[in-house]
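Accompanying notes for the structure given below.
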Protein chains: 2
Amino acid sequence: MKLERQAIIDTAIALLDEVGLDKLSMRRLAKEFDVQAPALYWHFKNKQELLDHMLVAMSPAELRVPRPGQAWDDWLIERSRLQYGRLIKHRDGARLAAQTKPTEDLFPGLESMLEALGAAGFAPEEALRGLLAISSYITGSALEREGARSPAAEAAETPETAEPAGQPDGMPDMSQYPNLVAAVGAARDPDAVFDYGLNAIVAGMRAELEKRGK
Amino acid sequence: MKLERQAIIDTAIALLDEVGLDKLSMRRLAKEFDVQAPALYWHFKNKQELLDHMLVAMSPAELRVPRPGQAWDDWLIERSRLQYGRLIKHRDGARLAAQTKPTEDLFPGLESMLEALGAAGFAPEEALRGLLAISSYITGSALEREGARSPAAEAAETPETAEPAGQPDGMPDMSQYPNLVAAVGAARDPDAVFDYGLNAIVAGMRAELEKRGK
DNA sequence: CGAAGCACTTAACACTGTTAAGGAGGTGGG
DNA sequence: CCCACCTCCTTAACAGTGTTAAGTGCTTCG
């Protein structure tokens with residue numbers, strides 16, 4: 001395989017899916033190209049730069065603008081879902097996003113989105129504020145999702161059938177937490193939780209727009 | 001200083017503020033106690049366990065329940081702000097939260113909150129869904145905030161030099177991004193951005209409650 | 001033919017988390 | 001009194017990390 005910038009990025013992403021972020025080392029990545037680790041430093045000045053570009057490669061370039069005739073809120077939700085999907089599609093994708101500061105490669109996409117929202121009636125500051133809130137929410141949700149499992153979901157993992165066996169060691173006494181037990185179902189479907197908050201933020205933006213429209 | 005579990009956690013947090021997450025090593029922490037690094041492994045089975053407890057120590061134990069007479073939404077917002085504040089108060093606090101899965105130490109707090117929301121009329125699943133969304137939003141926002149700076153704010157400075165063999169982008173020409181430039185002010189005040197999304201999610205919960213109340 | 005630059009190698013540095021084995025200090029029991 | 005035991009820490013070491021410095025073939029060009 002040829003050793004070029006984009007090839008390295010792609011292979012690194014594939015390797016990330018395979019071994020996870022912790023085991024993704026320069027030496028391990030170099031091995032994928034039958035090359036010594038320092039060779040990578042000719043193409044990237046350090047590991048962080050490589051990670052940055054991996055994240056950019058994961059971020060959707062599509063949907064920077066609504067489809068023809070699509071309402072701004074439908075488009076925003078669709079795009080956010082897509083971005084969320086990209087993050088959780090790759091192993092440790094959110095953790096990667098967490099330790100990577102955004103590069104200026106995102107500027108063009110951001111600009112297009114601001115323009116689209118501007119066409120819908122938003123002032124640039126309003127639009128950016130909404131986009132930032134959504135962006136934070138997306139990475140936070142993806143993070144919580146891949147955090148092995150959310151605490152409530154972990155509680156749900158106790159098989160109902162194991163009840164007579166008593167509490168397995170390490171498992172706390174769930175009867176202390178009746179509300180939590182009753183609520184566990186909500187955490188079972190992380191996509192629903194994500195949509196819930198996403199819709200709320202978009203609704204907030206819509207309210208702002210309507211109020212100002214009057 | 002005595003070498004006890006809680007003392008280690010507290011010192012580790014202080015050290016985190018001082019040197020940052022990347023430089024927070026077991027050897028460095030041990031030095032704070034005039035002790036060799038492996039001594040810490042008598043108190044914690046590994047570094048991750050220590051990190052977990054650091055995060056718990058940062059999470060607010062107060063406000064698990066509304067003040068007397070306080071409306072549920074005011075309480076929820078206040079508590080969320082508090083938690084957000086705790087995260088950004090410590091250096092790399094959000095990054096720490098990002099690489100730490102929640103432990104069951106959070107169960108009691110969660111249970112109290114579910115109970116409080118239940119008293120306000122929420123079904124357990126609704127309440128948990130809202131809390132999870134808010135929690136995601138908090139860590140995501142804190143993360144984005146400490147990510148040095150938001151992309152737009154970064155655009156405001158830009159003392160960068162050109163890349164060697166990179167894309168022909170060269171120096172970012174900000175005039176290409178008029179909307180972004182116009183919106184930069186919104187990113188200047190991250191607290192306002194945070195409040196914006198937080199209010200939106202809480203408003204979503206309120207709407208759900210009112211709809212069901214009719 | 002020689003210079004220049006690219007793309008890589010080998011060797012090494014300064015770290016990291018973590019384990020194994022052992023030793024000092026105190027406590028309790030026979 | 002002495003030996004065993006437990007707690008808490010030490011020293012030594014392992015396997016691995018990101019990263020830099022110096023050197024080596026290879027291609028391309030003047």
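Because only heavy atoms are used, hydrogens play no part in the values below, and waters and symmetry mates are left out as well, while side chains stay in. Residue numbers begin at 1 in each chain, while the letters A, B, ... track the order of the sequences.
The pair B/R145-B/D191 meets the salt-bridge criterion, since a charged nitrogen lies less than 4.0 angstrom from a carboxylate oxygen. Remark: A/E125 does not engage A/R129 in a salt bridge, criterion side-chain N to carboxylate O under 4.0 Å. Electrostatic pairing of A/R86 and A/E62 counts as a salt bridge here, judged by a charged N lying under 4.0 Å from a carboxylate O.
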Per-nucleotide protein contact string for nucleotides 10-24 of chain D, where B marks a base within reach and S marks sugar-phosphate only (heavy atoms under 4.0 Å, - for neither): BBBB---BBBB----

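Among all heavy-atom pairs drawn from B/I9 and B/A57, the shortest one is CG2-CB, 4.0 Å.
A straight line from CG of B/L50 to P of C/dT18 spans 10 Å, rounded to a whole angstrom. Per the geometry, CG belonging to B/L21 stands 13 Å off P belonging to C/dT16, to the nearest Å. In this structure, CG of B/L29 is placed 12 Å from P of C/dT16, rounded to the nearest angstrom.
Proximity of B/H43 to the phosphate of D/dT7: no side-chain N or O atom is located under 4.0 Å from OP1 or OP2.
Side-chain atoms of B/R79 and B/Q83 include a donor-acceptor pair closer than 3.5 Å.
Geometrically, B/R81 does not engage B/F194 in a cation-pi contact defined by less than 6.0 Å to the ring centre and at most 45° from the axis.
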